[in-house]
Amino acid sequence: TQLLEQSPQFLSIQEGENLTVYCNSSSVFSSLQWYRQEPGEGPVLLVTVVTGGEVKKLKRLTFQFGDARKDSSLHITAAQPGDTGLYLCAHRDDKIIFGKGTRLHILP
Amino acid sequence: DAEITQSPRHKITETGRQVTLACHQTWNHNNMFWYRQDLGHGLRLIHYSYGVQDTNKGEVSDGYSVSRSNTEDLPLTLESAASSQTSVYFCASSGDLNTEAFFGQGTRLTVV
């Protein structure tokens, strides 16, 4: 099993601040996915990154896949209370393996 | 619209009872997955299926079984419920590699 380590586990910041969360592994991945999960709901896909060095933007969210395809980061610009949730990275091959997630809380 | 639904949303059962959680998807996806989610452990894979009559064990499969008799359904059975199986269970389905997985809303199971 290829282990995905996410950091930090918890993050609480003020509205308007910027933040970055990380997903790291010692293994090389063909792709990584990021999901967001809100309380009482299942995870929802945000993005899939496939190419080493790839950067994808989703409004104020920027996702980067490391050059060596072992790690990924999610940067949020000007965080808003609606960004609150559990952010999960996942490796997708024949099955989907998740990291433990970063629980993000944005204070208004 | 296509969807994936889990039932029941909440269940309380007694230790030793057999329990079945339902998962039904209308995406016509071949791949279906069952996870449990616990604080400090994230989402852990229980069983998964690539198609009708195919089932595979995940990392925490002990005490659980699944069957895939059609494309739409992957029921999860707890043979003899234990308190350690108190958790929130999520079902998901997806198409091919690198495609999006769609999750149900979860079933909160309490074993007393």
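Reckoned from all heavy atoms, side chains included, excluding hydrogens, waters and symmetry mates. The sequence lines fix the lettering, A, B, ..., with proteins before strands; numbering per chain opens at 1.
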Per-residue contact mode, [X] against chain A (heavy atom under 4.5 angstrom):
| X | answer |
| --- | --- |
| B:Arg44 | neither |
| B:Gln6 | neither |
| B:Phe102 | neither |
| B:Leu45 | side chain |

Mark yes or no for whether [X], through its side chain, and [Y], through its backbone, hold a donor-acceptor pair below 3.5 Å.
| X | Y | result |
| --- | --- | --- |
| B:Thr107 | B:Pro8 | yes |
| B:Gln25 | B:Asn28 | yes |
| B:Ser87 | B:Gln37 | yes |
| B:Thr15 | B:Val112 | yes |

- request: Look at A:Ser31, A:Gly99, A:Ala90, A:Ser30 and state which one has the largest set of heavy-atom pairs under 4.5 Å with chain B.
  value: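 The option with the most such pairs is A:Ser31.
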
- request: Mind ranking A:Ile96, A:Thr48, A:Val50 by heavy-atom pairs under 4.5 Å with chain B and telling me who comes out on top?
  value: A:Ile96

B:Ser49-B:Thr55 side chain donor-acceptor pair, cut-off 3.5 Å: no

Side chain from CB out, backbone as N, CA, C, O: work out which of these in [X] comes under 4.5 Å of a heavy atom of chain B, or both, or neither.
| X | answer |
| --- | --- |
| A:Gln37 | side chain |
| A:Leu32 | neither |
| A:Glu41 | both |

Top contributor to chain A interface from [options] [non-hydrogen pairs under 4.5 Å]:
| options | answer |
| --- | --- |
| B:Gln105, B:Arg9, B:Glu100 | B:Glu100 |
| B:Phe90, B:Phe103, B:Tyr50 | B:Phe103 |
| B:Gly104, B:Gly106, B:Gly42, B:Ala101 | B:Ala101 |

- request: Please indicate whether B:Arg17 has more than 12 foreign heavy atoms, meaning atoms of other residues, nucleotides or ligands, lying under 6.0 Å from its CZ.
  value: no

query: Should the heavy atoms of other residues, nucleotides or ligands under 6.0 Å from CD of A:Gln80 be counted, would the total exceed 12?
result: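 Counting neighbours around CD of A:Gln80, more than 12 heavy atoms of other residues, nucleotides or ligands fall under 6.0 Å, so yes.
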
message: Using ring centroids (six-membered ring only for Trp), state whether A:Phe65 and A:Phe63 fall under 6.0 Å.
response: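 Ring centres of A:Phe65 and A:Phe63 not closer than 6.0 Å.
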
